[in-house]
Amino acid sequence: MNHLTVIQLDDTLVIDSRLIAKELGIKHENLLQNIKNHRTAIEHFGALMIESREFKTSQGNTVQECFAYLNEEQATFVMTLSRNTPKVIQCKQNLVRAFFEARKALQEVIAPTVQQLMEQNERLQRRIQELEGDDSNLRRLMAENTKLRREVWDAYMINCAVIKEIGN
């Protein structure tokens, strides 16, 4: 049974070492010890992310649990440290499939999203250009309006002067 689930942490696809141990049918502490024994070699494929958490057992005891998040290269390397039993071979296949499916799922989500963002950006750029065009038209119309107001004011003043002259 495939228990391997790849997740994304800080833009990196990783797998929990507890899942690998479960898939291999071994104790997690043994896998973790193997990871610690080969830490230097594993870190050639990136910084090792070892996490720990506390939890309460059903008896009420507080227990500290350590586990590692392994990127694809690290997880693959850790798997090469195991003998190629049928179970290990199956686990290696499941590991490769899990990372492949995670990348595929990301591409199916990210690629359309990026395409949508690019299309939205193009629409916004066109609208900005339209508004800039509207802005220049608005400025032109405001200048014409100011000129017409001046002309109306001048005509009004002339009419006032004419009316005043007629009245005299």
Side-chain angles (χ1 to χ4, degrees), residues 1-140:
M1 178 190 292
N2 185 3
H3 298 100
L4 301 180
T5 303
V6 173
I7 62 171
Q8 186 174 2
L9 287 179
D10 300 326
D11 297 329
T12 302
L13 294 176
V14 295
I15 191 160
D16 188 321
S17 59
R18 295 170 293 189
L19 297 176
I20 294 173
K22 185 175 183 179
E23 186 76 10
L24 287 172
I26 63 173
K27 290 182 178 179
H28 180 252
E29 60 198 41
N30 294 340
L31 179 66
L32 197 57
Q33 186 58 51
N34 201 21
I35 290 169
K36 289 177 181 178
N37 290 344
H38 299 282
R39 184 178 189 132
T40 303
I42 293 169
E43 286 186 332
H44 283 287
F45 302 104
L48 195 55
M49 291 186 278
I50 295 183
E51 301 278 329
S52 63
R53 70 175 182 103
E54 284 187 0
F55 66 95
K56 293 219 181 261
T57 64
S58 56
Q59 294 81 21
N61 299 326
T62 301
V63 177
Q64 183 83 14
E65 177 185 42
C66 287
F67 57 96
Y69 284 119
L70 303 170
N71 66 31
E72 185 172 9
E73 293 84 5
Q74 291 168 332
T76 303
F77 180 74
V78 166
M79 294 300 297
T80 65
L81 299 173
S82 300
R83 280 190 228 114
N84 281 330
T85 65
K87 192 165 198 136
V88 170
I89 291 170
Q90 183 63 53
C91 186
K92 289 177 182 180
Q93 288 174 331
N94 293 342
L95 180 72
V96 169
R97 186 175 302 113
F99 274 101
F100 174 80
E101 288 173 359
R103 274 192 311 278
K104 182 179 174 190
L106 277 175
Q107 288 171 348
E108 289 173 356
V109 169
I110 290 174
T113 303
V114 169
Q115 182 63 32
Q116 290 169 346
L117 289 173
M118 289 173 58
E119 289 170 2
Q120 185 179 13
N121 184 46
E122 288 175 20
R123 284 193 302 273
L124 288 172
Q125 290 299 326
R126 283 194 301 272
R127 186 66 182 135
I128 287 169
Q129 289 171 350
E130 289 171 10
L131 290 174
E132 287 173 346
D134 287 351
D135 189 40
S136 63
N137 285 337
L138 181 60
R139 277 188 248 135
R140 182 183 51 78

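Among the candidates Glu29, Glu51, Arg18, the single residue satisfying the side chain to side chain contact (heavy atoms under 4.5 Å, CB included) test with Glu65 is Arg18.
Side-chain contact between Phe99 and Leu13 is present, with at least one heavy-atom pair separated by less than 4.5 Å.
Looking at Gln64 and Ser52, their side chains do bring a donor and an acceptor atom within 3.5 Å of each other.
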Self-check item: Working for side-chain contact (heavy atoms from CB on, under 4.5 Å), residues Arg103 and Val6
Solution: CA-CA 9 Å; Arg103 274 192 311 278; Val6 173; over 6 Å; no

Exercise. Take Lys87 and Glu23 through the salt bridge (charged side-chain N to carboxylate O under 4.0 Å, His left out) test and state the conclusion after the steps.
Key: CA-CA 8 Å; Lys87 192 165 198 136; Glu23 186 76 10; over 6 Å; no

Exercise. Please report the C-alpha distance between Ile15 and Thr5 in whole Å, then the side-chain angles of each, then the deciding distance to 0.1 Å, and finally whether the side-chain contact (heavy atoms from CB on, under 4.5 Å) criterion is met.
Key: CA-CA 6 Å; Ile15 191 160; Thr5 303; over 6 Å; no

Exercise. List the steps, then state whether side-chain contact (heavy atoms from CB on, under 4.5 Å) holds for Asn30 with Lys27.
Key: CA-CA 5 Å; Asn30 294 340; Lys27 290 182 178 179; 3.8 Å; yes

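The 12-atom threshold is not exceeded at NZ of Lys22, counting heavy atoms of other residues, nucleotides or ligands nearer than 6.0 Å. Open room surrounds CZ on Arg83; 12 or fewer heavy atoms of other groups in view lie less than 6.0 Å from it.
No donor-acceptor pair closer than 3.5 Å links the side chain of Gln8 to the backbone N or O of Val14. Formation of a donor-acceptor pair under 3.5 Å by the Glu101 side chain with backbone atoms of Ala98 is not found in this model. The backbone N or O of Thr12 sits nowhere less than 3.5 Å from a side-chain atom of Asp10 that would complete a donor-acceptor pair. Remark: side-chain polar atoms of Ser17 are paired, donor with acceptor, to backbone N or O of Ala68 under 3.5 angstrom.
Closest approach of Val88 to Ser82, counting heavy atoms only: CG1-CB, 3.8 Å.
Distance check, rounded to the nearest 0.5 Å: CG of Asn84 to CD1 of Ile89 gives 4.5 Å. With rounding to the nearest 0.5 Å, the separation of CG in Leu48 from CG in Leu70 is 6.5 Å. Atom CD1 of residue Ile26 and atom SG of residue Cys91 lie 8.5 Å apart, to the nearest 0.5 angstrom. Annotation: the span from Glu72 atom CD to Phe100 atom CZ amounts to 10.5 Å, rounded to 0.5 Å.
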